[in-house]
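Okay, so here's the structure we're looking at.
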Amino acid sequence: GNSVTQMEGPVTLSEEAFLTINCTYTATGYPSLFWYVQYPGEGLQLLLKATKADDKGSNKGFEATYRKETTSFHLEKGSVQVSDSAVYFCALIGRGNNNDMRFGAGTRLTVKP
Amino acid sequence: DTAVSQTPKYLVTQMGNDKSIKCEQNLGHDTMYWYKQDSKKFLKIMFSYNNKELIINETVPNRFSPKSPDKAHLNLHINSLELGDSAVYFCASSQGGAGGNQPQHFGDGTRLSIL
């Protein structure tokens with residue numbers, strides 16, 4: 001079945017550091033890929049998405065590129081801020097499976113001033 | 001405001017009780033979901049309804065019973081609560097049915113604590 005694997009956390013960075021959170025997937029066909037962010041005490045919010053190979057999703061300085069050849073969708077940001085501290089979830093929706101979204105285990109990011 | 005709203009936000013109750021969590025979305029979506037998030041933040045889908053019809057029913061104890069009176073509402077009733085039911089429960093909604101690629105919109109969660 002479809003699944004998502006993302007790097008284990010927690011990840012702790014200093015402000016203005018470069019961020020990469022790795023995400024790889026297993027799916028039949030070509031899934032749509034997403035990154036969600038969960039701030040403390042809140043629900044998940046869609047951060048960015050890509051629906052086909054080589055698409056780049058971007059939002060709030062975060063980027064992720066849909067790489068079919070490596071089945072990856074790594075999240076990157078060039079300069080993190082304290083306000084980026086949150087849990088980040090990689091997710092996919094496979095084709096033809098009733099819109100069943102599969103989430104990775106989540107990666108907790110803490111940015112220190 | 002357009003949103004997915006769930007109530008209550010916090011629920012503290014004793015083992016053995018029966019409780020319900022309500023969810024409403026005014027986004028015009030036709031698919032709604034319930035997820036359980038454990039203390040390690042792992043998200044597990046429980047149920048999904050499309051136009052009031054159950055389409056996903058993961059391995060969940062039958063003490064959990066979803067009810068969808070209309071496509072804008074998906075409530076979750078839990079009988080005979082157990083300690084292991086303590087978690088944050090998230091409602092979500094999305095547009096589109098099978099094979100769609102629309103993202104899901106989440107409520108703020110209901111934190112359930114069993115004493």
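Just so we're on the same page: letters track the sequence lines, and every chain starts at 1.
By the 6.0 Å contact criterion, CD on B:Glu53 is open, its count of non-hydrogen atoms from other residues, nucleotides or ligands being 12 or less. Around the NZ atom of B:Lys22, the shell of radius 6.0 Å holds no more than 12 heavy atoms that belong to other residues, nucleotides or ligands. Heavy atoms from other residues, nucleotides or ligands lying under 6.0 Å from CD of B:Gln14 number 12 at most. Enclosure of atom CD in A:Glu42 by more than 12 non-hydrogen atoms of other residues, nucleotides or ligands within 6.0 angstrom is indicated. For A:Glu8, the CD atom sits in a loose shell: 12 or fewer heavy atoms of surrounding residues, nucleotides or ligands are nearer than 6.0 Å. The environment of A:Lys52 atom NZ is sparse: at most 12 non-hydrogen atoms of other residues, nucleotides or ligands sit within 6.0 angstrom.
Taking both residues in full, the closest heavy atoms of B:Pro103 and A:Met101 are given as CA-CE, 4.4 Å, listed atom of the first, atom of the second, then distance.
Only the side chain of B:Lys9 has a heavy atom closer than 4.5 Å to any heavy atom of chain A. Proximity to chain B is absent for every atom of A:Gln45, based on heavy atoms less than 4.5 angstrom apart. Only the side chain of A:Leu46 comes within contact range of chain B, with heavy atoms under 4.5 Å apart.
Side-chain contact between B:Lys41 and A:Phe89: present, with at least one pair of heavy atoms (C-beta onward) separated by less than 4.5 Å.
Between the CZ atom of A:Arg108 and the NZ atom of B:Lys40 there is a distance of 12.5 Å, given to the nearest 0.5 Å. In this structure, B:Gln104 CD and A:Phe34 CZ are separated by 8.0 Å, a value rounded to the nearest 0.5 Å.
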- request: Give the intermediate values and the outcome of side-chain contact (heavy atoms from CB on, under 4.5 Å) for residues B:Gln37 and A:Phe103.
  value: CA-CA 11 Å; B:Gln37 186 177 46; A:Phe103 287 87; over 6 Å; no

